[in-house]
Amino acid sequence: MRIRPRRLAAVAVALLTAATALPAAAADGPARDRHERPSHGGLSAVIRYTEYGIPHIVAEDYADLGFGTGWAQAADQVCVLADGFVTVRGERSRFFGADGTSDLSLSSAGTNLSSDLYFRGVRRAGTVERLLAQPAPRGPSRDAKELMRGFAAGYNAWLEQNRVTDPACRGAAWVRPVTALDVAARGFALSVLGGQGRAVDGITAARPPAGASREPSATQPAPEAVARAARELFAADGADMGSNAVAFSGRTTANGRGLLLGNPHYPWHGGRRFWQSQQTIPGRLNMAGGSLLGSATVSIGHNAHVAWSHTVATGVTLNLHQLKLDPADPTVYLVDGRRERMTARSVTVPVRDGAPVTRTQWWTRYGPVVTSLGASTPLPWTSTTAYALNDPNAANLRASDTALGFGRARSTDDVLDSLRRTQGLPWVNTVAADARGHTLFTQSQVLPRITDELAARCSTALGEVTYPSSGLAVLDGSRAACAPGRDRDAVQPGIFGPSRMPTLTDAPYAENSNDSAWLANADRPLTGYERVFGTVGTQRSMRTRGAIEDVAAMADRGGLTVADLERQQFADRVPAGDLVADDAARACAALPGGTAADSAGRSVDVRAACGVLADWDRTVDVDSRGALLFDRFWRALTKAVPAGQLWKVPFSPADPVATPNTLNTGAPGFATALADAVGELRAAGIALDARLGDHQFVMRGGARVPVGGGTESLGVWNKIESVWDPAGGGYTEVTTGSSYIQAVGWDGSRCPVARTLLAYSQSSDPTSPHHADQTRLFSGERWVTSRFCERDIRSSPDLRVVRVRER
């Protein structure tokens, strides 16, 4: 029997009003009169748990939906959430000490003190409050604000009515109730993660020059060094976060409907984990997927009609303004010859076992003065020059409305319309497919409106080097005309409007693996966008090349189904191995005497490695033999040999997927890298042909769980970045990689055909039954069949229904 929308509404209302049918044990916390309806504006929701602890939250309105979401997230992730709320309240030094390591999931701050100075500064300035007060679409809608209010109430109600069992925070004084402002502040932190969040140490450490540093001759940054550091800083395919996503159109599928495979690569620990749920307001909203912790909306997911995923984009979300200072007062800068005084923000941070620390931050019309962008990019403040950071996402609290628009969408056109209306995504691309067979790729993100013309007209000497090289604009802050302009279709000043976004619709496939928009489809390249969005005609990453090879072949083959998406996720093909392993094995076998000198000059017998490389199946499945040897060899080789010397055939824009190729085995570092890899494994007692899963694993409940997949430079779709601990057995924990994975299609019924997998499982609490259950599925390359429709939820053998409410 199919459950139609009106029938679904009736079922949900019945659940909301007739919880009397549930046994007392079905609800968390003390039993109460199930007939009692919350009074005095009390919030409530029904949460139906199915296999693997996945909650399906049903509510009457957005505040109630936020309440159920906050409750359910707290039940699974209370310690991680509480830690993040300590961060955005600027209280890490108070509870954990000023010199402790900060919460790197919400900023780049090097210490708790630096983190607290920044986030307390945000609070002192009333930044988030002002954003909340702005009318939509520039500010968040009433629905989004109600979700935040409800989330805080749900989190607090869970704390009040339950006992924390996670040893990470059990009995901790820092696990406290929160406010809607705390929830909004966490959203703000995620929004500025690619802008101010990258520069927290540089913002909080900025001081007016004194003594020798006041001299104009004080060291200025070398443009080439800054450009090199900026390229590394803004690389979207780094080890911290990345993603793959592909949408296939109806022209390539077995039934003419769309398909989507989303594979985001996010941290396995901390506050940027995903958490899985379904959110339903009968007749108004019904979506399922993964939410970033602390978010009240689904970030990556699907509804009955459309599925979407995100990939970290190449757009540079900040720019610098080089200030011309008044030599008599380095806190005064000149704009069009007129003096403007910086705004001083005095911020005081309470410190555990010590006196409070007070520091001053300096702000300009462009943003905060910053003295570095990461440790490798110093930006000295002298008597004549300072740098101010412009981050347009510091005025963007709209991501929740973008997500709600996706949840209500019935097509990829609606997804694009949501992006155009809300303009809320700070640092990701969007890939989507729908039940009617349409596809979408778009780099619709909030970027400073830096056109190539503006950069040419207004770049300083430093910017003339950094902008072409990395997309980081350094503009002349002494001229008002050099500030980013405004597009007529932009919801806020200083950003690009939707009409400027690189967008591809209805391509047979649309794919992104964290390179620029250029090759979202290799047969329909995107061009004509400004440099700040990314590059055109440049070398692609190994992962992009492998992904395009795979998905283009799938599209050409046609007849695709969700099962094909499942196979692609766990194919674990190593594109670098396909390009290199045969040549490496032959060159190994040709080494005189079968030996090579390692980095320390020691002779190493590498003869056994030649056969292992030749016999390796070119995958990183848990059963692959030789994968670990190749991985360690490839890491050593790419570190030792400059990119320009690694290949015999260089990159060609005319053949960007197949080039560069042909390993240069004559490069001086080749034999050394091979010797280092062989010696390293032997010293660790690891056989050269060991099964990968025996030495790439995570420990859960005292047992090893083998993990397939491979590192960024190997080009593996199923990306896994692990901690190398040879004394502990090899790769002993995953830091980041495949996270919330979904393979979605449609079969003509009202229910989507969806398979999902949360690689690290729902709960961080080691006492939870859902701490490692999906991790074991991930190890075995098995999926969860999504229970989206009402009949599927009610038929779950693990169904547990919980009515949650405020007391």
Side-chain angles (χ1 to χ4, degrees), residues 117-118 121-122 124-125 127 192 195-196 198-223 226 230 316-347 359-373 377-395 448-450 454-467 472-486 492-495:
L117 288 167
Y118 173 74
V122 171
R124 185 180 184 279
T127 302
V192 301
Q196 290 181 11
R198 290 186 193 267
V200 167
D201 290 344
I203 293 169
T204 60
R207 304 282 184 276
S213 63
R214 293 202 61 172
E215 297 301 318
S217 60
T219 303
Q220 286 296 313
V226 173
V316 178
T317 55
L318 62 87
N319 71 276
L320 297 173
H321 292 269
Q322 189 167 324
L323 306 179
K324 182 178 181 181
L325 304 181
D326 183 341
D329 186 345
T331 65
V332 173
Y333 59 104
L334 305 178
V335 180
D336 294 337
R338 297 179 180 174
R339 300 170 81 252
E340 290 191 16
R341 185 165 295 280
M342 296 176 185
T343 299
R345 283 187 191 170
S346 180
V347 180
R359 296 281 190 273
T360 299
Q361 299 167 30
W362 299 90
W363 290 69
T364 71
R365 63 158 63 187
Y366 304 113
V369 175
V370 61
T371 53
S372 66
L373 281 178
T377 315
L379 300 166
W381 186 351
T382 72
S383 63
T384 59
T385 303
Y387 297 88
L389 184 149
N390 171 47
D391 178 4
N393 282 295
R449 190 183 176 281
I450 308 295
L454 177 67
R457 175 166 48 87
C458 289
S459 287
T460 65
L462 179 59
E464 289 174 353
V465 178
T466 62
Y467 183 72
L472 174 63
V474 185
L475 304 178
D476 183 355
S478 70
R479 292 186 283 158
C482 289
R486 178 173 184 171
Q492 73 179 65
I495 69 171

Check the side chains of Tyr118 and Gln361 for a donor-acceptor pair under 3.5 angstrom, ignoring hydrogens and angles.
-> no
Closest approach of Ala205 and Thr371, non-hydrogen atoms and distance?
-> C-OG1, 4.2 Å
Please report the closest heavy-atom contact between Thr331 and Pro208, naming both atoms and the distance.
-> CG2-CG, 3.8 Å
Student check: side-chain heavy atoms of Val369 and Ile203 closer than 4.5 Å | no
Output for pair (Arg198 CZ, Thr377 OG1), nearest 0.5 Å, gives 10.5 Å
To the nearest 0.5 angstrom, please state how far the CG atom of Leu462 sits from the CG atom of Leu475.
-> 10.5 Å
Any sub-3.5 Å donor-acceptor pair from Gln492's side-chain atoms to Pro392's backbone N or O?
-> yes
May I ask you to decide if the ring planes of Trp381 and Trp362 are parallel, tilted or perpendicular, using 30° and 60° as cut-offs?
-> perpendicular
Rounded to the nearest 0.5 angstrom, the CZ-CD1 distance for Arg449 and Ile495 is 11.0 Å
Passing candidate, side chain to side chain donor-acceptor pair (under 3.5 Å) with Tyr333, options Lys324, Arg365, His321, Glu340 = Glu340
Check side-chain contact (heavy atoms from CB on, under 4.5 Å) between Cys482 and all other residues, then give those that pass, not counting sequence neighbours.
-> Cys458, Asp476, Arg479
What heavy-atom pair brings Asp391 and Thr317 nearest, and what distance separates the two atoms?
-> OD1-O, 3.6 Å
With a 4.5 Å heavy-atom cut-off, do Thr385 and Leu325 have their side chains touching?
-> no
How long is the gap from OG1 on Thr466 to CG on Leu472, to the nearest 0.5 Å?
-> 4.5 Å
Do Tyr387 and Leu373 have side-chain heavy atoms sitting under 4.5 Å apart?
-> no
Just wondering, do Leu334 and Arg339 contact through their side chains at under 4.5 Å, heavy atoms?
-> yes
Spacing of CG belonging to Leu389 relative to CG belonging to Leu318, to within rounding of 0.5 Å | 5.0 Å
Where do Leu379 and Pro221 come nearest, in terms of heavy atoms and distance?
-> CD2-CG, 4.4 Å
Arg207: salt bridge (Lys or Arg N to Asp or Glu O under 4.0 Å) partners, not counting sequence neighbours | none
Measure across Gly367 and Ala388 and return the closest heavy-atom pair with its distance rounded to 0.1 Å.
-> O-CB, 4.0 Å
Taking atom OG of Ser459 and atom CG of Leu454, what is their separation to the nearest 0.5 Å?
-> 7.5 Å
Of all heavy-atom pairs linking Arg124 and Arg345, the shortest is NH1-CA, 4.1 Å
Residues two or more places apart in sequence or in another chain: which of them pass salt bridge (Lys or Arg N to Asp or Glu O under 4.0 Å) with Arg359?
-> none
Could you tell me whether the side chain of Asn393 and the main chain of Val192 form a donor-acceptor pair under 3.5 Å?
-> no
Are any non-hydrogen side-chain atoms of Pro484 and Ile450 less than 4.5 angstrom apart?
-> yes
